[in-house]
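The chains referred to below are lettered A, B, ... by the order of the sequence lines, with proteins before strands, and numbering in each begins at 1.
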4 protein chains.
Amino acid sequence: MASVNKVILIGNLGKDPEVRHLEGGVAVARFPLATSETFKDKTGQRQEKTEWHNIVLWRGLAEVAEKYLRKGQSVFVEGKIRTNQYQDKEGVQRYSTEIVADNMTMLGGRGEGGSSEGGTNYQGGNTAAAAGSFGGGSTAAAGVAQNDEPDDLPF
Amino acid sequence: MASVNKVILIGNLGKDPEVRHLEGGVAVARFPLATSETFKDKTGQRQEKTEWHNIVLWRGLAEVAEKYLRKGQSVFVEGKIRTNQYQDKEGVQRYSTEIVADNMTMLGGRGEGGSSEGGTNYQGGNTAAAAGSFGGGSTAAAGVAQNDEPDDLPF
Amino acid sequence: MASVNKVILIGNLGKDPEVRHLEGGVAVARFPLATSETFKDKTGQRQEKTEWHNIVLWRGLAEVAEKYLRKGQSVFVEGKIRTNQYQDKEGVQRYSTEIVADNMTMLGGRGEGGSSEGGTNYQGGNTAAAAGSFGGGSTAAAGVAQNDEPDDLPF
Amino acid sequence: MASVNKVILIGNLGKDPEVRHLEGGVAVARFPLATSETFKDKTGQRQEKTEWHNIVLWRGLAEVAEKYLRKGQSVFVEGKIRTNQYQDKEGVQRYSTEIVADNMTMLGGRGEGGSSEGGTNYQGGNTAAAAGSFGGGSTAAAGVAQNDEPDDLPF
DNA sequence: TTTT
DNA sequence: TTTT
């Protein structure tokens, strides 16, 4: 149905990633990511506005996040927008929007304790299995699976 | 601060745009946009999941939306994520996420009453004024202003 | 090394795809894709400039292209830029740039003989194998492999 | 005509920018940008493949490049693909592809002599004029013009 | 060589 | 609330 839902962010982690390991060994990582823009207000004053994004990573990307990403670091994130519905305690329908990442590149920056020089690109988990399914001649990139989560996990 | 906040969507309008004309002649349009993806669930059944995005357009783009966009039509939207904070009546902090578009292209589709064949690209308002400020030799594209809203409008 | 190489195109096929089936059953499809922009020249005349992109698709995407894409149709293509080097007959180093697609969505339009209403998103081949490698609980999207080509194929 | 031509790159400058100042004060900057990806070849060896992109910036972006960008630095570049035709000395039609940037963000990294911490986003020239054309209430972002070049400049 |  |  001619659908595209794509997000590209470069920003800084507001906190260390929180990682959960689900039954079956699936990892999920979450962290807030800040993007900011500057603009001049009516009076010509330079202002800054920060946007916070809830980033979610699954499987291999979550494990990379757990190992390497720290508060303050700069990352490139590619993914899609997902809005979850839930009911608050008054029974009112609420919405919570997050970015489900399927690609992530560390850009270095001033994270605490990170190696931080340069960056490395990561794409979803199950690389070996998926690559193996390609037979000979496939690149790792060709074999890399996307990092979407199962739809029926209790998360 | 090395920030990028970019969204690219192709989807269908869930409703006709709602357009407001603010004091000063600034137009703001809003509509819900559906993107959907299909996947196979555990049992191998094909499933569809629809994501709804709140699109906001300002100025020239809002006027284009008012004139040409209708429920059901397919559009390409480029913009940024913005999450607004507000307090609900219980005083709890709530968040509402929208996509502020700075580029929009109609892709045709089955909107009601639209011309709908092909599509046209639109970028932000104030084209004439901005282009005029370039003097000779500039392309229209060069002169097209972005479509961000003022930060201090009561919207 | 903090690298991103991403291209997003919406345009029309200049020709039907040319498809080759390599030994091993790997399919490769190629077609030219036109994007165009309009601008006003110095004299205020509306002008159009068309850009032609050489699109390359591998495996599953190539097969989809072979079956469904036709000259004139509108498609969304996501991929990366690749510039190939070769020597012309005088021994001069030449360059040829193409877009290696890893995601493609048909947008309908006036292709010859196509169904053309709406569009469908496709992502790379080997879906079944890759999905199978995920075990239960994975979505099709999660299991979809990327569509990069092997680096050592004679193409 | 439903056209989109968008490129997003993060890479490192292969050389310092070369800047020309045209008659009329318009600046043009060019530099090669490297993106690289790693993959495993048939034998399981990790390989790296580097792609070189010819980046072109106009006006304000060119001036920023001249002042701040140096060989080795990491930048985010957003723009469009443009392929220029020319005839070589044998009269054969040749093609040269470049990326015309309309948005650029420095990401720091190991440039020679740059300040390099963090990054700053820049968008096209003529900011003051374009912003001025908006009257009160407009953000700087709203007033920033795109950075496309005139189509009739001798470049 | 496409499309409007 | 869209679309296939």
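In this structure, the side-chain contact (heavy atoms from CB on, under 4.5 Å) partners of Asn5(B), at least two apart in sequence or on a different chain, are Leu9(A), Thr35(A), Glu51(A), His53(A), Lys80(B), Ile81(B). Scored by the side-chain hydrogen bond (donor to acceptor under 3.5 Å, both in side chains) test, Glu90(D) finds no partners at all (sequence neighbours excluded).
Note: CZ (Phe76(C)) to P (dT3(E)) measures 21 Å, nearest angstrom. The nearest whole Å value for the distance from the CG atom in Leu33(C) to the P atom in dT3(E) is 12 Å. Atom pair Arg46(C):CZ and dT3(E):P shows a separation of 20 Å (rounding to whole Å applied). The interatomic distance linking Glu48(B) (CD) with dT4(F) (P) rounds to 10 Å, in whole Å. Between Arg30(C) atom CZ and dT2(E) atom C1' there is a gap of 19 Å when expressed in whole angstrom units. If you measure from atom CD of Glu37(C) to atom P of dT2(E), you get 19 Å, rounded to the nearest angstrom. When the C1' atom of dT1(F) is taken as reference, atom CD of Gln85(A) falls 12 Å away, rounded to whole Å. Residue Glu18(B) contributes atom CD, which lies 15 Å from atom P of dT2(F) at whole-angstrom precision.
Ranking dT1(E), dT2(F), dT3(E) by closeness to the Asn12(C) side chain, first place goes to dT3(E). Nearest to the side-chain atoms of Lys71(B) among the listed nucleotides dT3(F), dT1(F), dT1(E) stands dT1(F). Between dT1(F), dT2(F), dT2(E), one nucleotide has an atom nearer to the side chain of Ala34(B) than all others, and that is dT2(F).
Ring-to-base geometry places Trp52(C) in a stacked arrangement with dT1(E) (centre distance under 5.5 Å, plane angle under 30°).
Within 4.0 Å of Thr50(C), counting heavy atoms only, lies at least one base atom of the nucleic acid.
Between the side chains of Glu98(C) and Asn54(C), no donor N or O sits under 3.5 Å from an acceptor N or O.
The main-chain N or O of Lys71(C) is found under 3.5 Å from a side-chain atom of Asp16(C) such that the two form a donor-acceptor pair.
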